[in-house]
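Below, each value reflects all heavy atoms present in this structure, side chains not excepted, and no hydrogens, waters or symmetry copies.
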Number of protein chains: 2
Amino acid sequence: MPGIRNDTARRRTRDADATRHALLTAAQRLFGQKGYERTTTREIGEAAGVDPALIARYFGSKADLYLAAVAADRLGDDEGPADPDRVDAPFTDLAEVAQVVLRRTAAHGPGPILQALVRDDASPEIRAAATARLVRRMVEPLAAEYAATGSDRPELRAQVAVAAVLGTSLGRSLGWFDELHAADPDELAALLVQALGRPG
Amino acid sequence: MPGIRNDTARRRTRDADATRHALLTAAQRLFGQKGYERTTTREIGEAAGVDPALIARYFGSKADLYLAAVAADRLGDDEGPADPDRVDAPFTDLAEVAQVVLRRTAAHGPGPILQALVRDDASPEIRAAATARLVRRMVEPLAAEYAATGSDRPELRAQVAVAAVLGTSLGRSLGWFDELHAADPDELAALLVQALGRPG
DNA sequence: CTAGCATGTCATCGCCTGATGACTTCCGAC
DNA sequence: GTCGGAAGTCATCAGGCGATGACATGCTAG
């Protein structure tokens, strides 16, 4: 297929890349808000301003779109231009982890990664991909930090800390309790750091 | 309705109470394992050894059965004969909350209440029922405890503590991280209490 | 024994879902 | 201009879902 795309990336009224991106964005938002089962392809199409049949064309199936949404979910990354080198960079300490997770979830609701973790209907590959990112970006650096301060069982403490942060973030965005729901993300982060941050 | 039931509670081959109980038990297990959406009435009927149509007869609808399952879910109560007076009794301190939640979840997986909390596909009434029980049994006593120790924002701290316990419990039973998954529930409870229990 | 109602069975309905493929529209090359 | 194929639209399908109501069965009262 010689030269399908021109050298100049001109804006087209019918733009496959834009459509693809719109679908992926809408899918991330809806899957992250309502979960996989409750989100229908028709909803995604409507939210993206696009015919649902395009999901099949561009992603294959609803499940494949979900996978793509998880893969594209930069949990906790600040918004802004996607810098491939920065994405997936490990966090440095619990304060950063807590602040960034809580802010992000507060702003956009639980994303596909959190949904994939929490839902047991997610396929094993999806779960594995989600946990792998969490481990590398959050658990491992935290474990190193705990180990440096001389805590016993640093790995377990790091895993508990991340689980606690995720639980708090989930509870906040899902509105489990009134004050938790209304709380400022940074205040929650500070509270958690205060509790979990010091060596035992 | 005079004397529908005999004075002697004789075992009958066709026993409405037994059928009702079988459905409720199967529903608790399946809803707790797979969540609401992924569990079908036909599955529940098969698991209970009962015709699915009886769900409509005895509970009204699938959603009502779910509500009944949540209501009957004694989150954290030790097994044993159901004592109506003890069910729903508030916990006394964080240690009890953490221990009991973690033990229960470790033994039986996340129950209907935890599922209802975590899943955003649950209807508002279901969520409200689940959170109401958590608040009364766990959050309020903890808030009182925090207040007694002079912590600032005792309610918020209590809510964060419960959310952290639930997140840890969920992460453990869903196998987010290796050591967390393998950890002894009591050890996790102790770890959380140590972190969250002391006044800030 | 028998009448009546509680209990359980079964076939089926209407709805919604994800998926499919034929059809139309429009861009870009030549 | 016109032609080919990419991009988007539409109607429709098959399957599974929860729900329903007519029907069959068996217990118990009298």
Counting just side-chain N and O atoms, does B:Thr19 come under 4.0 Å of either OP1 or OP2 of C:dG8? yes
In whole angstrom, give the distance that lies between atom CZ of B:Phe59 and atom C1' of C:dG8. 15 Å
How many Å lie between NZ on A:Lys62 and C1' on D:dG16, as a whole number? 13 Å
Between D:dG18, D:dA7, C:dG18, spot the one nearest the side chain of A:Thr41, thanks. C:dG18
Tell me: CZ of A:Arg20 to P of D:dA6, nearest whole Å? 15 Å
Could you tell me whether the side chain of B:Thr149 and the main chain of B:Tyr146 form a donor-acceptor pair under 3.5 Å? yes
DNA chain D nearest-nucleotide lookup for B:Ser61 and B:Arg57: closer to the 5′ end is B:Ser61
With DNA chain C as reference, determine whether B:Val50 or A:Ala53 sits nearer its 5' end, using the nearest nucleotide of each. B:Val50
Does the A:Gln159 side chain pair with the main chain of A:Leu156, one donor and one acceptor, at a distance under 3.5 Å? no
CZ of A:Arg42 versus P of D:dT12: gap in Å, rounded? 14 Å
Integer-rounded Å distance: C:dC10 C1' and B:Asp51 CG: 7 Å
Roughly how many Å is it from CG in A:Leu23 to P in C:dG18, rounded to a whole number? 14 Å
Provide, to the nearest angstrom, the distance between the CD atom belonging to A:Glu43 and the P atom belonging to C:dG18. 9 Å
With no hydrogens and no angle check, is any side-chain donor or acceptor of A:Ser151 less than 3.5 Å from a backbone partner on A:Pro154? no
Please report the distance, rounded to the nearest Å, between CD1 in B:Ile55 and C1' in C:dT7. 16 Å
Under 4.0 Å between a Lys/Arg side-chain N and an Asp/Glu carboxylate O for A:Arg20 and A:Asp15? no
